[in-house]
A.B. asks: 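Here it is: the structure, laid out below.
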Amino acid sequence: MLKTDVTWPESFRYQTNTEWEPVGFFSEALCNATSFDLMLGFFSSSAINVLSYGFASFIYNGGKMRMIINDILSSDDISAISMAHDGNDLPFFDLRNLEQLSYTLNKRDKHFFECLAWLIRNDRIEIKIVRMVNGSGIAHTKCGTFSDGVNKIGFEGSVNFSLSAFMHNKESLGVYCDWNGPADNGRIKGIQSSFDKAFNGEDNGIEFIEATALKGYIIEHSNPKHLKELLENEQQLIDNIDKSSIPSTVRKALSKAKERITAAIDKMKESKHMADNAPHFPYPSGPREYQQLAFENWKVNTQKGLFAMATGTGKTITSLNCLLEIYKKSGYYKAIILVPTITLVNQWAIECKKFGFSGIVKVSSKNPNWKKEIDNIEFNESLDITGKKNSYIIISTYASYARDNVFSRLNVFPRKQLLLIADEAHNMGAGKILSRLKAVPYLRRIGLSATPERQYDEETTKKIMKFFGSESLYTYEYSMAEAIEKGVLCRYRYYPHIVKLTTAEMEEYLEISRRLAQYYIYNQDVFRPKDDAVLTALLLKRKRIIHKATNKQVVFRDILEKRLSERGSINYTLVYVPEGNKPDEDSDVYENTDIIADDAESAHLIDIYTGIVRDLSPTTTVRQFTSNSSERDNLLKDFADGKLDVLTSMKCLDEGVDVPRSELAIFCASTGNPRQFIQRRGRILRTHPDKYMAEIHDLVVAPEICDSEDTYNMERNMLANELKRVYNFASLSENLDDTIREMEDILNYYNLSIFNV
């Protein structure tokens, strides 16, 4: 507590090079407060270094923070600040150049940003960036308040938030405490009023600058850590300080901060929340606000729901949190989880274990003992009259679940108690699964998908939504735009590349277009009749030319060479190569072999693209990630660790595979399937502590056809469908203008607008 646990100077005044150092005040106040309002001058790493000692304790106390900081806009401002400090010890952060900021952070800076990121992710901080309205001068106030919920203190003075000011300059800081009478109370109210006026936009002398970029940067460049890790890092920072370089009074203050941090760590160890065998949320911060909202919506919707959540936003954790809530209320958990691939069976098992769930059975060809394990569950259920003592989770591929013998074995458990979770729930509309929906007995249901709607199949989409109790709208929706804005997914730059056909390819393509035009109904934008064998063959031939376009290889090589020359490496790169005889939108449910077998032509194409990467430089490492790849988990780990520079793949990285370290993606495969390109983009936008911005290159084949009015109109409409993907990517990117410039000629040729496709 601020009043009882802090030793205050008799004068309530702090001054450098005295017994009462200002750095000691901030360390102790942070360790004892639960709210902190700070009106800061420029944003310097020196200030961050000072505030790092005690910040994790502040978070542990449940602290909430509001911060007003000055932006650094002009060279005059920078010069003025530099002159005031004789040019020494001024590592200020220029908020216009956040990317450069990543190269200047030391361990203390990173710890501070990790604490800020924790507060941002948990909605425990609000940041306002301000500048003077007239454009001259800077907002250089240095004041604020601390509160512990009972008492409140205010501070202001000559102290600049830099290490030189705290440690070396003759600086002073006045502190006012609400238990010291009316005079101090008046000063606290004055400081708070001044802060609130500025924070609420009521100060006519300053204006706000959008803080989204700063918040996004902090989250993207800060390793998401548990609270216990933050406390341990802070403890280590204090231990590593060179004690000989700081005054003894500062050493005492930091020693006291360390004692409080150690006490907090010991208390967390005593509670053993994370180590407890009972199911628990895997992160001490608890579910994110949107994940908890998804649970509340699902509960209100009679425990049914379809969660339409962008790839990378934590659909798995969101659904398992619902299962955890069932456990908290009833004392048991029972679930069947359906996934598209065996890889995802294993990934879901790992996530379940993070929650402390046990009794996990994997139903797939890779587990020969699954029948015996299911028998054990059935036997234990038969002995339990209440049906509430046993807990278990069964994870199955869709292909396995659809089989007659498996379907009957997995549908005998308590219908009102078991939760059915369908990952990538659009797969419920394919193959045998769709015909079996009415026979699924379980009343608790959750469907998960970034793209629940099945393309060109509105009727099946309606059946899936009805199955999950979401006839009119999704139970919960979390869009990619919102996820990027809030820093859950990282920002990205998008570069489409128009690819020309060779002369031979163009001749074949033109001949196919002439023949297709005979089937094309312009005013309906459809081909008729749909079941015509010749029409189907022509469409596949056209698609194969686009997929295999030779010039894609030229453009692909150019992209890699440019990246290599600019960065010196092409590490953390994903390549989606073209497919051969089985275009990428042909199937939804993968067989139990984990993925549709790659045909010989596809294998040949992936070899070509892998060879292009391998030939770039002798130090570049590249591996293929396909259905035939052995040790696929090891491949992903090597890729994440930087031991492997490039992964080339076809469909294997579409659904569920987690590759957060990827920074560059090149889409050489032309797909009109929204689900695939949305999922592929989501793979790339997963956040990582060392990842600032993702980059996506998209190879677009767009032939210029004007053989006749019919072929022109047909190609125009088909290109418009392709441009939906381009616009979807470009609209959320950081560089929409680059897309407009690249697409300008082809758009003019077909009289199209990228904003109206």
Side-chain angles (χ1 to χ4, degrees), residues 495-520 522 527 534-562 575-585 599-616 648 650 666-672 697-723 725-726 738-739 741-752 754 757:
Y495 300 96
H497 301 266
I498 296 296
V499 178
K500 303 290 185 181
L501 296 177
T502 64
T503 301
E505 289 169 344
M506 191 65 178
E507 289 177 357
E508 183 180 3
Y509 187 92
L510 180 57
E511 177 59 29
I512 292 172
S513 293
R514 289 169 180 158
R515 296 178 66 186
L516 280 174
Q518 301 173 22
Y519 295 87
Y520 184 67
Y522 172 71
F527 291 97
V534 175
L535 170 62
T536 301
L538 289 172
L539 288 172
L540 285 175
K541 284 183 178 180
R542 176 188 181 277
K543 186 176 293 183
R544 192 169 297 120
I545 292 173
I546 292 173
H547 273 290
K548 295 172 55 182
T550 304
N551 284 331
K552 284 185 177 182
Q553 299 169 30
V554 178
V555 176
F556 175 62
R557 183 181 288 106
D558 290 343
I559 294 169
L560 292 178
E561 288 178 345
K562 182 179 179 183
V575 180
Y576 285 93
V577 305
E579 296 173 47
N581 292 324
K582 292 180 180 175
D584 32 348
E585 53 261 68
D599 57 76
E601 187 178 14
S602 293
H604 175 63
L605 286 171
I606 196 170
D607 286 342
I608 290 175
Y609 281 83
T610 304
I612 293 173
V613 178
R614 189 174 288 119
D615 293 342
L616 276 178
T648 57
M650 285 177 285
I666 306 175
F667 296 163
C668 304
S670 301
T671 173
H697 292 262
D698 188 6
L699 277 53
V700 181
V701 178
E704 296 179 358
I705 301 293
C706 192
D707 182 58
S708 67
E709 184 177 357
D710 289 341
T711 56
Y712 175 86
N713 288 333
M714 179 185 69
E715 290 293 336
R716 180 180 185 275
N717 285 350
M718 295 181 84
L719 177 62
N721 289 327
E722 179 90 349
L723 290 178
R725 177 186 84 246
V726 174
D738 288 325
T739 295
R741 282 192 294 271
E742 173 68 14
M743 305 299 295
E744 184 176 12
D745 289 344
I746 194 68
L747 289 171
N748 289 339
Y749 183 85
Y750 282 109
N751 192 27
L752 290 170
I754 196 170
V757 294

A.B. asks: Kindly compute the distance separating CG (L719) from CG (L747), expressed to the nearest 0.5 Å.
C.D. replies: 7.0 Å
A.B. asks: Evaluate the side-chain proximity of V700 to R725: yes if any heavy-atom separation is below 4.5 Å, no if none is.
C.D. replies: yes
A.B. asks: Is R514 atom CZ crowded by more than 12 heavy atoms from other residues, nucleotides or ligands, each under 6.0 Å away?
C.D. replies: yes
A.B. asks: Verify the distance criterion only: is there a donor paired with an acceptor across the side chains of Y509 and E715 at less than 3.5 Å?
C.D. replies: yes
A.B. asks: Using 30° and 60° as the class limits, which term best fits the ring planes of F667 and Y576: parallel, tilted or perpendicular?
C.D. replies: perpendicular
A.B. asks: Does a side-chain heavy-atom distance below 4.5 Å link Y520 with D710?
C.D. replies: no
A.B. asks: Taking all atoms of both residues into account, what is the closest heavy-atom pair of I559 and H497, and its distance?
C.D. replies: CD1-NE2, 3.6 Å
A.B. asks: Please round to the nearest 0.5 Å and tell me the distance separating atom CG of L605 and atom OG1 of T610.
C.D. replies: 10.5 Å
A.B. asks: Has K548 got a side-chain atom pairing as donor or acceptor with P578's backbone, closer than 3.5 angstrom?
C.D. replies: no
A.B. asks: With no hydrogens and no angle check, is any side-chain donor or acceptor of K552 less than 3.5 Å from a backbone partner on I546?
C.D. replies: yes
A.B. asks: Would you say the side chain of L539 lies within less than 4.5 Å of the side chain of K543, judging by non-hydrogen atoms?
C.D. replies: no
A.B. asks: How long is the span from the CD atom in E704 to the CG atom in L510, to the nearest 0.5 Å?
C.D. replies: 12.5 Å
A.B. asks: Rounded to the nearest 0.5 Å, what separation is found between the CG atom of L752 and the CE atom of M743?
C.D. replies: 9.0 Å
A.B. asks: If you take all heavy atoms of L538 and I512, which pair is closest and at what distance?
C.D. replies: O-CG2, 3.6 Å
A.B. asks: Y519 and F527: aromatic ring centres closer than 6.0 Å?
C.D. replies: no
A.B. asks: Looking at K541 and E511, is any side-chain nitrogen of the basic one under 4.0 Å from a carboxylate oxygen of the acidic one?
C.D. replies: no
A.B. asks: Hey, does the side chain of E505 reach the backbone of T550 with a donor-acceptor pair shorter than 3.5 angstrom?
C.D. replies: yes
A.B. asks: Do you know the tightest heavy-atom contact between F556 and C668?
C.D. replies: CD1-SG, 3.7 Å
A.B. asks: With side-chain contact (heavy atoms from CB on, under 4.5 Å) as the criterion, how do R515 and V534 come out once you've worked through the C-alpha distance, each side chain's angles and the decisive distance to 0.1 Å?
C.D. replies: CA-CA 10 Å; R515 296 178 66 186; V534 175; 4.0 Å; yes
A.B. asks: For Y750 versus I705, what's the shortest heavy-atom pair and its separation?
C.D. replies: OH-N, 2.8 Å
A.B. asks: Measure the shortest side-chain to side-chain distance between L516 and T711 over non-hydrogen atoms and say whether it is less than 4.5 angstrom.
C.D. replies: no
A.B. asks: Atom CG in D607, atom NE2 in H604: separation rounded to 0.5 Å?
C.D. replies: 8.0 Å
A.B. asks: Looking at side-chain heavy atoms only, is the closest gap between I498 and D745 below 4.5 Å?
C.D. replies: no
A.B. asks: When rounded to the nearest 0.5 angstrom, what distance separates CD1 in I746 from CD1 in I754?
C.D. replies: 12.0 Å
A.B. asks: Can you check whether I666 reaches L560 side chain to side chain, under 4.5 Å on heavy atoms?
C.D. replies: yes
A.B. asks: With distance as the sole test, does N551 use its side chain to make a donor-acceptor pair with the main-chain N or O of K500 at under 3.5 Å?
C.D. replies: yes
A.B. asks: Please check: side-chain N/O of R716 versus main-chain N/O of N751, any donor-acceptor pairing under 3.5 Å?
C.D. replies: yes
